[in-house]
Student: 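Mind having a look at this structure? Questions to follow.
Just so it is clear, the values below take in all heavy atoms, side chains as well, and ignore hydrogens, waters and symmetry mates. As the structure lists them, so they are numbered: ligands from 1, and atoms in each ligand from 1.
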Amino acid sequence: MTNKTVLVTGGAGYIGSHACVELLESGFNVVVVDNLCNSKIESLSRVQQITGKPLTFYQVDISDKAALTEIFAKESICAVMHFAGLKAVGESCEKPALYYHNNVCGTLILAEVMAAANVKQLVFSSSATVYGQSGSPQYSENFPLGAINPYGRSKVMIEDILRDLSTADSINRTKSPWKIALLRYFNPIGAHQSGLIGEDPNGIPNNLMPYVSQVAIGKLVQLSVFGDDYPTPDGTGVRDYIHVVDLVKGHIKAIAALEKPTFAQGGCKAYNLGTGQGYSVLEIIHTFEKITGHRINYKIAPRRTGDLAECFANPELALQELGWKAEKNLDDMVSDTWNWQTKNPQGYL
Ligand code: NAD
Ligand code: WQD
C-alpha cells in the first residue's frame, strides 16, 4: 500500500474513472482534473461509492496553465496518468484544429507545468491507432508509426513530443529525468463489475460495443456490420478487445515500473495493452446474443472508410517489463458491458 498522490487527467471519463477505482483500491490518493467536456461528475461519485474512499476533483481544462500550476502547488503529486483528450475519429476529420489544440497543445501545457513542479513521472493514454500499415495484423511496439486521421496523428505528435522531452533530459544529463510510459490501447470495452461505472457515449455511438449494447436493450434498431468481405475467417473486421479493468491494471503496473530499474536512467517507452487475441464483429454479436439472451438485429453494410481488416496486439513487452497481462475473456467483457447497460439504460443521469 502507498500514500502517494496521482493526478488523473480525464478522470471522469470512461477509462479514467476505472483508473481512479484501481488507484484508490491500490492505496493511492487521487486528484482528478477534468473539464467535463465528455463526461459527467456523477462518474466520480460512483468511483467513491465503489471504493468507499474520497478523491479530490478540479473542474479545470488541461490547457489552463495557471490553474494547473496552482493544483501542482497545492497537492503533493508524484505522478500523472494523462487520459484527458478528445477521441472521436470522425469528429477529428471535421474539426482537426480542435483535436490538435485540445490533445497536443493541452499535453504540452501539462508537461510544462509538470516539469516546472519537478513531477516527471507520466503514464500517457496512447492508442493502437498510431501504427501505420505494416503488412502484419499483429502489432509490436517497434513497428513504424503512421496514423491516418487527425485523432491518430494527435497521438503520434504527443508521443513524439514526450520522446523528445525525455531525450533532451539524457543530452542535458538532468538529475531527475522524465520517466514516461506510452500505453497503446487496442479496443477497450466492458465496465466495472459493480455496474456502477462504464462507457456513456454522447448520442449515437461510433464504436462497435456500445452500439451492439444499445441494439440489445432496444435503444437502437439495427447494427450495420461494416463489411463482410475482408480477408478474415468470417469476412468481418477483427480487433483486439480488452476489458477496461484489465487495461487500467496495466496503468498501475506502469506507475510501479517507473520506479524500477527499467526506468532508472529515465526514458520514454511504449507498451501495447491488448490481449493478443482478435475477435470478429460476428463473434462479438454472437457472444452478446449468448450472454444476454437477446437477438441482435444487424445488416451487412459497406466497409467503413479507414478501417483495417485485422488488428491485434503483441502484448509480450508489457508482460516482460511491466509484469502485466490481460486476464479477462470475451464473456467477461460482454457480461460486464451488459450489466452496466441494464443498470444504467440512459447512462449517467
Ligand atoms: P472519455 O472521453 O470518456 O474521457 C476523456 C476525458 O477527458 C473526459 O472526461 C473529458 O471530459 C476529458 N477531457 C477532454 N479534454 C480535456 C481537456 N482539455 N481538459 C480536461 N479534461 C479534458 O474517453 P476515454 O475512452 O476514457 O479515453 C481516455 C483516453 O484514452 C483518451 O486520451 C483517448 O484518446 C485514449 N484512448 C481511448 C480509446 C477508447 O477506445 N476508448 C482507445 C485508445 C486510446
Ligand atoms: C470495431 C470493429 C468496425 C461499428 C476505434 C478507433 C481507434 C480506437 C478504438 C481510440 C471494426 C466494426 C463498428 C459499427 C461495425 N480509439 N463496426 N459497426 O475502429 O477498431 O477503433 O476505437 O484510440 O482509434 O478508430 O473500433 O469499435 O469503431 O470498430 O461493424 O457500427 O467493428 O468496422 O471492424 P476501431 P470500433
Student: When you compare ligand 1 with Ser126, is there at least one nitrogen or oxygen pair between them that comes in under 3.5 angstrom?
Tutor: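 Among all N and O atoms of Ser126, none is under 3.5 Å from an N or O of ligand 1.
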Student: Heavy atoms only: which of Tyr151, Phe226, Phe186 is nearest to atom 31 (O) of ligand 2?
Tutor: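 Among Tyr151, Phe226, Phe186, the closest heavy atom to atom 31 (O) of ligand 2 comes from Phe226.
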Student: Could you tell me whether ligand 1 has any atom less than 4.0 Å away from a heavy atom of Asn187?
Tutor: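 Judged by the 4.0 Å heavy-atom criterion, Asn187 does not count as contacting ligand 1.
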Student: Between Glu159 and Lys155 (salt bridge meaning N to carboxylate O under 4.0 Å), is one present in this structure?
Tutor: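 Salt bridge absent between Glu159 and Lys155.
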Student: Angle between ring planes, Phe186 versus Tyr139, binned at 30° and 60°: parallel, tilted or perpendicular?
Tutor: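 Rings of Phe186 and Tyr139: tilted, as their planes differ by 30° to 60°.
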Student: His82 and side chain to side chain contact (heavy atoms under 4.5 Å, CB included): which single residue from Val33, Val8, Leu122 fits?
Tutor: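 So the option named by the test is Leu122.
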Student: For ligand 2, is there an atom lying under 4.0 Å from some heavy atom of Arg304?
Tutor: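 Flag set, Arg304 near ligand 2.
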Student: Just to be sure I read this right, does ligand 2 sit under 4.0 Å from the backbone of Asn187, its side chain, both, or neither, counting only heavy atoms?
Tutor: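 It is the side chain that touches ligand 2; the backbone stays farther off.
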Student: For Tyr185, state whether at least one heavy atom is located under 4.0 Å from any atom of ligand 2.
Tutor: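 Checking ligand 2 against Tyr185, which is what was asked, there is no heavy-atom contact under 4.0 Å.
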Student: What residue and heavy atom of the protein are closest to atom 18 (N) of ligand 2, and at what distance?
Tutor: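 Result for atom 18 (N) of ligand 2: Ser224 O, 2.7 Å.
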Student: Consider every N or O of Ile62 and every N or O of ligand 1, then say whether any pair is closer than 3.5 Å.
Tutor: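 Yes, since at least one N or O of Ile62 sits under 3.5 Å from an N or O of ligand 1.
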Student: Look at the side chain of His243 and the backbone N and O of Gly190, then say whether any donor-acceptor pair between them is shorter than 3.5 Å.
Tutor: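 Pair absent, no side-chain N/O of His243 close to backbone of Gly190.
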Student: Name the closest protein heavy atom to atom 33 (O) of ligand 2, giving the residue it belongs to and the distance to 0.1 Å.
Tutor: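 Result for atom 33 (O) of ligand 2: Asp307 OD2, 2.5 Å.
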Student: Quick test of your reading of the structure: of Asn207, Leu223, Val225, whose heavy atom lies closest to atom 5 (C) of ligand 2?
Tutor: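 Heavy atom nearest to atom 5 (C) of ligand 2 belongs to Asn207.
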Student: Thinking salt bridges, do Asp160 and Arg163 make one under a 4.0 Å N-O criterion?
Tutor: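 Yes, Asp160 and Arg163 are salt-bridged.
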Student: Would you check whether Ser63 reaches within less than 4.0 Å of ligand 1, judged by its heavy atoms?
Tutor: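 Distance cut 4.0 Å: Ser63 fails for ligand 1.
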Student: With the threshold set at under 4.0 angstrom, would you say Lys155 reaches ligand 1 through any of its heavy atoms?
Tutor: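 Per 4.0 Å heavy-atom rule, Lys155 contacts ligand 1.
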Student: Please classify the Asn206 to ligand 2 contact at 4.0 Å (heavy-atom distances, strictly less than): side chain, backbone, both or neither.
Tutor: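 The backbone, only.
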Student: So does Leu196 get a backbone contact from the side chain of Arg46, meaning a donor-acceptor N/O pair under 3.5 Å?
Tutor: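 Answer holds: yes.
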Student: Going by heavy atoms, is Tyr241 under 4.0 Å from ligand 2?
Tutor: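 Within the 4.0 Å threshold, so yes.
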